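Since the model is a prediction, treat every value here as computed from it, not as a measurement. Start at 1 and go down the list; that is how both ligands and their atoms are numbered. For this chain, numbers begin at 1 and follow the sequence in order.
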Amino acid sequence: MTKSNTDTNWRAATKLIHGGTSRSQFGETSEALYLTQSYVYDSAEAAEARFNGDDDGYVYSRYANPTVSIFEKRMCLLEGAQAAKATATGMAAVTAAIACQVKAGDHIVAARALFGSCRWVIETLMPRFGIDITVVDGTRLDEWEKAIRSNTKVCFLETPTNPTLELIDIKKVSELAHQVGARLIIDNVFATPIWQSPLELGADIIVYSSTKHIDGQGRCLGGVVLADDEFINDVFYDYFRHTGPSLSPFNAWTMIKGLETLDLRVRQQTRNAEQIADYLADQRQIERVIYPGRSDHPQYQLARQQMKGGSTMVAFQVKGGKASAFKFENALETILLSNNLGDAKSLVTHPATTTHKNLIEEDRKALNINDGLLRLSVGLEDIDDLIDDLARALTKTTA
Ligand SMILES: *Cc1c(COP(=O)(O)O)cnc(C)c1O
């Protein structure tokens, strides 16, 4: 037996390096990649025992896999969750976390500032199965209160939101949800597990796209759902195992290696983001900077209450609308144009013409996504090179 690596007293950075590790008989230092679909049994009796649940070994990798289990256990330790299941993408995590617990006649309340595909799942897919939905301005507690009713089963939100980095009060919404026995799901991608712990704030379920900061180096898609044993085992697991949104062991292995540097990367990316937010706020070509770690963020107090750090994301509005924003983007050399985020490389996107182009004008307005808005995912480059790049691009804007 090797030493067990499930010490819950470790601090986050240590959990991210050692948490959940299970070594084979070879005692490998780095986590093993078990690229296998199935498992063999010593005897017919052993197979029977495995299927009876008398022996908790592995049966088939759609259900569970040793490499994927290390990733799940490490995420549980980090979030203080009892259980987790990893999924092939963030959207598989979101869809499974919602669909496993609702039936026709149930009701879902969601904040309207959501990642585009999450909005589609709630507003377009769920109603096809007879599920009622209400979409609210997530920042307004009175709207949540009015929308939540006796048949509400799920409340869903992300905070900070994409792309305008608004905050939603997780504790207050969880209290409203629990009054009717609904579960609150938090999409914690923008906050990262380093800066926000939704379960501690009263949420019931956390979903991640591990494609973002958890991989952190732009390689593999992945996701994870975290909650208590009761939800994962009794509500989620059968849906998961029969519908098959499972994470590939190879991608899980990549995520495990990503987790080892998550704390370091998120802290440094946040330091860079803070400096960029302060720099941009002083430039005459910039109308407005939105950054949860700055005291001019409209919800700065809430940010300090529920987040342990700012964010790796900065949103800002360039004067001169779309033409100016495009000139700015095209003049960037170090910062790349991409709709992805959480990468070691700094990435910028113009939400109105990319990630949020499918929204009707009215919805974009409601979300404060105007034509001058840019969303920057700050990477790990030297801060001086990033500022040089921004400074060069600013001289090219029309304002
Ligand atoms: C990327 C993202 C998702 C979807 O994740 P995929 O891994 O691309 O499926 C969901 N929510 C948020 C906030 C995201 O940024």
Side-chain angles (χ1 to χ4, degrees), residues 68 71 75 84-99 110-126 138 154-168 170 184-196 198 203 205-226 240 243-248 250-252 254-255 258-259 262 266 269 273 290 292 307 311-315 338-343 345 347-349 351 354-359 367 369 375-379:
V68 178
F71 173 56
M75 285 303 303
K85 289 306 285 176
T87 55
T89 64
M91 283 321 303
V94 169
T95 308
I98 297 172
R112 75 179 160 212
L114 289 183
F115 184 77
S117 294
C118 297
R119 225 177 134 148
W120 185 87
V121 167
I122 286 169
E123 288 183 302
T124 307
L125 184 64
M126 288 301 131
V154 174
C155 293
F156 183 81
L157 65 91
E158 63 179 52
T159 176
T161 63
N162 176 28
T164 52
L165 309 180
E166 287 179 344
L167 303 194
I168 301 177
I170 296 175
L184 175 61
I185 307 179
I186 304 293
D187 179 337
N188 208 40
V189 168
F190 271 51
T192 81
I194 303 302
W195 295 143
Q196 184 167 275
I205 300 159
I206 308 174
V207 290
Y208 281 108
S209 164
S210 61
T211 311
K212 313 295 167 54
H213 302 83
I214 292 174
D215 174 300
Q217 291 148 86
R219 300 163 296 195
C220 294
L221 298 175
V224 61
V225 178
L226 299 116
F240 172 88
T243 61
S246 329
L247 182 64
S248 140
F250 179 82
N251 290 6
T254 310
M255 300 301 169
L259 283 179
L262 180 72
V266 167
Q269 285 171 253
I290 311 167
M307 297 180 73
S311 171
T312 65
M313 309 290 294
V314 181
S338 172
N339 47 288
N340 203 7
L341 63 102
D343 200 288
K345 297 179 172 70
L347 305 173
V348 72
T349 194
T354 61
T355 53
H356 292 72
K357 89 175 214 334
N358 289 336
L359 292 182
L367 295 173
I369 301 170
R375 185 195 80 188
L376 177 61
S377 168
V378 180

Q: Considering non-hydrogen atoms only, spot the tightest contact between C220 and D215 and give its length.
A: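 Nearest heavy atoms, C220 then D215: N-OD2, 3.1 Å.
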Q: Output yes when a side-chain donor or acceptor of R119 lies under 3.5 Å from a complementary backbone atom of R112, and no otherwise.
A: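 Pair found, side chain donor or acceptor close to backbone of R112.
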Q: Any idea which heavy atoms bring V121 and M91 closest together, and the distance?
A: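 Result for this residue pair: CG2-CE, 3.8 Å.
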Q: Could you give the N/O to N/O pairs under 3.5 Å linking ligand 1 and the protein, each with its distance?
A:
unit_1	atom_1	unit_2	atom_2	d
ligand 1	5 (O)	S209	OG	3.0
ligand 1	7 (O)	G90	N	2.8
ligand 1	7 (O)	S209	OG	2.8
ligand 1	7 (O)	T211	OG1	2.6
ligand 1	9 (O)	G90	N	3.1
ligand 1	9 (O)	M91	N	2.9
ligand 1	11 (N)	D187	OD2	2.6
ligand 1	15 (O)	K212	NZ	2.7

Q: Quick check against the 3.5 Å criterion: does S377 have a side-chain atom that pairs as donor or acceptor with the backbone of L341?
A: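 Not a single qualifying donor-acceptor pair exists.
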Q: Can you name the closest pair of heavy atoms from N339 and R375 and give their distance?
A: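 Nearest heavy atoms, N339 then R375: O-NH2, 2.9 Å.
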Q: Given side chains that start at C-beta, do those of M307 and L167 come closer than 4.5 Å, heavy atoms only?
A: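 Yes - at least one pair of side-chain heavy atoms lies under 4.5 Å apart.
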